[in-house]
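Every chain is numbered from 1, with letters handed out A, B, ... down the list of sequences.
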Amino acid sequence: MRNIPEKPSIDGLEERWSARWEADGIYRFPADASRDDVYSIDTPPPTVSGSLHMGTVFGYAQTDAIARYQRMKGKTVFYPIGWDDNGLPTERRVQAYFGVKCDPSLPHEDGFEPPARPFDPPRPISRRNFIELCHILTEEDEKAFENSFRILGLSVDWTHLYTTIGESTQEISQRAFLANLERGEAYAQEAPAMWDTDFQTGVAQAEMEDRERPGAYHRIAFHRQDQEPIYIETTRPELVCSCVALVANPEDSRYRDLFGRSVSSPVFGVEVPVVGHHLADPEKGSGIAMICTFGDTTDVTWWRELDLETRAVIGRDGRFQEETPEWIESPQGRAAYAELAGKYVNQARRRMVEMLQDSGDLEGEPRPITHAVKFYEKGDRPLEIVTSRQWYIRNGGRDADLRGELLARGTELDWVPDYMEVRYRHWVEGLTGDWLVSRQRFFGVPIPLWYRLDEKGEPDYSDPLTPHLSDLPVDPGSDVPPGYTADQRGAPNGFVGEYDIFDTWATSSLTPLIAGRWGQDDALFKSVFPMDQRPQGHEIIRTWLFSTVVRAHHEFGSLPWTRATINGWILDPDRKKMSKSKGNVVTPDALFAEHGADGVRYWATSARPGADTAYDEGQMKIGRRLAIKILNASRFVLGLADDVAPEAVSQELDRAMLARMAEVVGEATSAFDHFDYARALDVTESAFWSWTDDYVELVKSRAYGEGGDAASAQAALQLSLSLFLRLFAPFLPYVTEEVWSWWKEGSVHRSPWPEITEVAHLTGDPAIMDITAEVLSQIRRAKSDAKVSMRNPVASVVVADSPSRLEAIRAAEADLAEAARAERIDYVEGDFEVRTEIAAPM
RNA sequence: GGGCCCUUAGCUCAGGGGUAGAGCGCUUCCUUGACGCGGAAGAGGCCAGAGGUUCGAAUCCUCUAGGGCCCACCA
């Protein structure tokens, strides 16, 4: 009747059961769910470039354990998944793979076929064609990712798969932005912004990082009217030509008499004012600094607050502009600038230093230092500050009220672990400007706007043309705004499309809306939003988490989810975040093959929520061993007898064991309710090993029917096995499902989470279990010391202990004697001691 | 420069006012009637350091030192 394999194995369970789960649709989200019954998870869409990273496996396995627990608790779990295929990494791969480059001004080419080999030289194609190629290239990776996730055993609903470049996503992204625009939360501005000269795009504050770079202080003389030198120190001497003022602290007596006067710049002879500002630090350098437009973000602050001129010299390509600026008037100055024109920053710096040395305005040698320089996190060259027209979404960076509201959202959110909230708070408190969402790139969601052209063909940016919502998604590079015809593109009194696209985060910030099909499936959205859980890594609190909060706050006046669970990182043996560049790349698929998906999941779910964790294959081996043990122990229990009614449990030891089981169920449930899946696993695992080592050994003979109450032991074993399988199911979905299938109908993953009430009426004094196990352990020790087999008979055992404990042992005497192979057990009162007299070997 | 987390057995980590815990590794033994992808037993630690609070501190507080991370206007 039970179909138990002769030699059970955990190999091959992944393919078999993942296919079965999909065929049976056991993780499918029903169309008619009501919000109260739903547990919804805003799963991170992993970036699909290259192979699945172990860090991803780590975090997703943890979330999956929680999802499975909630499902077994009776929740209707909404567990969608997406692929983040939108953005620069894909764009770069497509360019190289097909030999194309995107020219958004080109019209869409119908029937464009991807080339068999890359075009050489690269062929320009329209943005829409380019995006089609991105789809083609990412499709393969997405298949591989999906397969890995299925093997890992994620209980996601694959019918709710989305991609961040997909049409439905673009529609939502554009519609959400148009709503922001209409409410005034989105705006465009011509302003200095951080700019990557390689990628030639603006960059948001959240995407910048500091890197330590060698630099040098150059002590440079400006000159007063009386030719007296005023020394400034700068790491960027090449920007002397864009200097608009010198600045010192108003309290600084050394420079007080200079305020309001002007000095002339070396080499160029441009007169600039000397101004005072509290941000000027008397301790830094010579206490007086040159303000350039723009060398760093402090320059922008000074420029804005002191209302200074704009003298930009570095172009979007990172080179000094060709034409000599009009503010350099002297012939020598203009000649000097010609030396810099067209040069990149580093070349210009070297030439400028030479010119300063020649003119005698560089005092001493440059003094080498190491300083932090801002980089785009994906870039290789320091960011420059370039004035450009960019789109922004208000995020509280320039508005104290909004900032306060967003800080309140951070407090409202339930953080697991709770100390992660400070990262959010510090980020929001430290914002210096609104969120720059436009990118001068191609592979992303287009900003859905056009601009009117006047009679001279000049665009009017003040009043953009917007699409009909029913036409979304649109590509303004190839689609035409309402009321216009295609031939009016670029013509006087016609229109021009917005070239920019949204930053990846501008779309990723909408994942709860995308997964919930906001505005596309109202019933679904209503049943899942706001979501219950956002799982993610701590390094993207400032980006993904914060931006999602901003969008939900603007659109719904609520949080996007009630709880954020923050997972840690995988650290390599050097205690650094594990990264592909380190070389020791292990693909998850290889680990699944070696340790089983259950083994890998065991490692991931052993880690505390939020804790950075060492990459440890040893831990996976332990998980694999546990899975095998479950298989074998189950085979033993289920091979003993057919189902025995729970009421058959009568023996004290059996009741004691079930009392311990009730405690385990309580502790594991409580741990899960606090999102501490690791503790739930730990509690269950320890109990399981005691169960096999002690309880199973104690009752084995009786359960075989070799004396005593066999039915009681069999019923207790079956009851406890049922509990263990369900307690382990969120962690080890394959082995538990396999065993469940030998025995029960349906999936263990759709069966109810264990309740204490299942065994509460069958429990006894748990101390009997503990004390009996303790005595058995002492007898084993004696055998081990005597270097004899555990099956070696024992002539006599004398247990000394307190009367109450002796009574407990007596309650299990028959089982204990049988397990110990003891002919007799005697009892004396006293301090705990077990005297064992080993019999001669048989 | 500011902040957060961490520091417990050789290793990976639990514990979080009342006699130091697990697994791995190591040592010894067992030869298999659920399990050699086994089983039993053992050795191994001033809980980073210094002060304080307390009858009592690995645990709470302060400082110090290491490690990691986040942030910062980088002249």
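A sub-4.0 Å separation between OP1 or OP2 of B/rA14 and a side-chain N or O of A/Arg608 is absent. Within the structure, a side-chain polar atom (N or O) of A/Lys374 is placed less than 4.0 Å from OP1 or OP2 of B/rC73. For B/rA41, the OP1/OP2 oxygens have a side-chain nitrogen or oxygen of A/Ser777 closer than 4.0 Å. Residue A/Lys7 places at least one side-chain N or O under 4.0 Å from the OP1 or OP2 atom of B/rG36. For the pair A/Lys284 and B/rC73, the criterion of a side-chain N or O lying under 4.0 Å from OP1 or OP2 is not met.
In this structure, the nucleotide among B/rG38, B/rC4, B/rC71 sitting nearest to the side chain of A/Trp427 is B/rC71. Residue A/Arg423 places its side chain closer to B/rC69 than to any other of B/rC73, B/rA40, B/rC69. You'll find that the side chain of A/Arg624 is closest to B/rC37, out of B/rG39, B/rU12, B/rC37. Listed candidates were B/rG38, B/rC73, B/rU12. Nearest to the side chain of A/Lys629 is B/rG38. Taking the side chain of A/Thr297 as heavy atoms from C-beta on, and the options B/rA40, B/rU28, B/rC73, the nearest nucleotide is B/rC73. Residue A/Trp569 places its side chain closer to B/rC69 than to any other of B/rC4, B/rC74, B/rC69. Each of B/rC69, B/rG3, B/rC73 was ranked by its minimum atom distance to the side chain of A/His426; first place goes to B/rG3. The side chain of A/Asp11 lies closest to B/rC37 when the candidates are B/rC37, B/rA41, B/rC29. Checking B/rG39, B/rU31, B/rC70 against the side-chain heavy atoms of A/Ser789 singles out B/rU31 as nearest. Here the nucleotide nearest the side chain of A/Asn632, chosen from B/rC73, B/rC35, B/rU28, is B/rC35.
Nearer to the 5' terminus of RNA chain B, by closest-nucleotide assignment, is the contact made by A/Ala611 (compared with the other of A/Ala611 and A/Asp693). Nearer the 5' end of RNA chain B, as judged by each residue's closest nucleotide, is the contact made by A/Ile10, out of A/Ile10 and A/Pro282.
Per the geometry, CG belonging to A/Asp281 stands 14 Å off C1' belonging to B/rA72, to the nearest Å. Following rounding to the nearest Å, A/Asp676 (CG) and B/rA14 (C1') show an atom-to-atom distance of 10 Å. Here the P atom of nucleotide B/rC71 and the CD atom of A/Glu421 are 17 Å apart, to the nearest Å. Rounded to an integer number of Å, the gap from A/Phe546 CZ to B/rC71 P is 13 Å. Here the P atom of nucleotide B/rA40 and the CD atom of A/Glu697 are 8 Å apart, to the nearest Å. Summarising the geometry, the separation between CD1 on A/Ile779 and C1' on B/rA40 is reported as 13 Å, rounded to the nearest angstrom. Spacing between atom OH of A/Tyr419 and atom C1' of B/rC69 amounts to 11 Å, rounded to whole angstrom units. Taking atom CD1 of A/Ile566 as the reference point, atom P of B/rC69 lies 18 Å away to the nearest angstrom.
The partner of B/rG1, taking Watson-Crick or G-U wobble pairs whose two distances both stay under 3.5 Å, is B/rC71. Base pairing annotation: B/rG44 forms no Watson-Crick or G-U wobble pair, as no partner gives both donor-acceptor distances under 3.5 Å. Nucleotide B/rC37 forms no Watson-Crick or G-U wobble pair with any nucleotide shown, as no partner meets the under 3.5 Å limit on both distances. Across all strands shown, B/rA50 pairs with B/rU62; the Watson-Crick or G-U wobble distances both stay below 3.5 Å. Base pairing of B/rC13 is made with B/rG21, judged by Watson-Crick or G-U wobble geometry with both donor-acceptor distances under 3.5 Å.
Across all strands, A/Trp603 comes closer than 4.0 Å to no nucleic acid atom at all (heavy-atom distances). Using a 4.0 Å heavy-atom distance criterion, A/Arg542 is classed as a sugar-phosphate-only contact. Residue contacts for A/Ala280: at a heavy-atom cut-off of 4.0 Å it reaches a base atom on one of the strands shown. A/Val422 comes within 4.0 angstrom of sugar-phosphate atoms only, judged by non-hydrogen atoms across all strands, and of no base. At the heavy-atom level, A/Met790 lies under 4.0 Å from the strands shown only through sugar-phosphate atoms. A/Lys700 comes within 4.0 angstrom of a base, heavy atoms only.
A gap of 36 Å separates the C1' atoms of B/rA40 and B/rA48, to the nearest Å. Comparing the same atom, C1', in B/rA57 and in B/rC47 gives a spacing of 11 Å after rounding to whole Å. B/rA58 and B/rG18 have their P atoms separated by 10 Å, given to the nearest Å. B/rC5 sits 13 Å from B/rC63 when the P atoms are compared, rounded to a whole Å. B/rC55 sits 32 Å from B/rA22 when the C1' atoms are compared, rounded to a whole Å. B/rG16 and B/rC60: their C1' atoms are spaced 10 Å apart (whole Å). The same atom, C1', is picked in B/rA43 and in B/rA9; the two are 11 Å apart, to the nearest Å. Spacing of P atoms, B/rG21 relative to B/rG36, comes out at 32 Å, to the nearest Å.
Between A/Phe58 and A/Trp603, the ring centre distance stays below 6.0 Å. Ring centers of A/Phe731 and A/Phe672: under 6.0 Å apart, within the cut-off.
Between A/His277 and A/Trp302, the ring planes lie perpendicular to each other; the angle is over 60°, past the 30° to 60° tilted range. Relative ring orientation between A/Phe728 and A/Phe724 is described as parallel, the plane-to-plane angle staying below 30° on a 0-90° scale split at 30° and 60°. Using cut-offs of 30° and 60° for the angle between ring planes, the A/Phe546 and A/Tyr424 rings count as perpendicular.
Taking the ring centre of A/Trp689 as origin, the terminal cationic atom of A/Arg625 falls inside the region bounded by 6.0 Å and 45° from the ring axis.
Between the A/Ser265 side chain and the A/Val270 main chain, a donor and an acceptor come within less than 3.5 Å of each other. A donor-acceptor distance shorter than 3.5 angstrom exists from the side chain of A/Asp598 to the backbone of A/Tyr734, with no hydrogens or angles considered.
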* Asked: Hey, mind stepping through A/Glu667 and A/Arg679 against salt bridge (charged side-chain N to carboxylate O under 4.0 Å, His left out) and telling me if it holds?
  -> CA-CA 9 Å; A/Glu667 284 176 38; A/Arg679 184 170 154 66; 3.6 Å; yes
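Note on A/Arg211 versus A/Glu209: salt bridge recorded, some NZ/NE/NH1/NH2 to OD/OE distance being below 4.0 Å.
Taking 4.5 Å as the limit, every side-chain heavy atom of A/Glu697 sits out of range of all side-chain heavy atoms of A/Met790.
Partners of A/Ser634 by side-chain hydrogen bond (donor to acceptor under 3.5 Å, both in side chains), not counting sequence neighbours: none found.
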Might you list the N or O atoms of the protein lying below 3.5 Å from N or O atoms in nucleotides 19-27 of chain B, with each pair's distance?
from: B/rC24; atom 1: OP1; to: A/Arg625; atom 2: NH2; distance (Å): 3.2

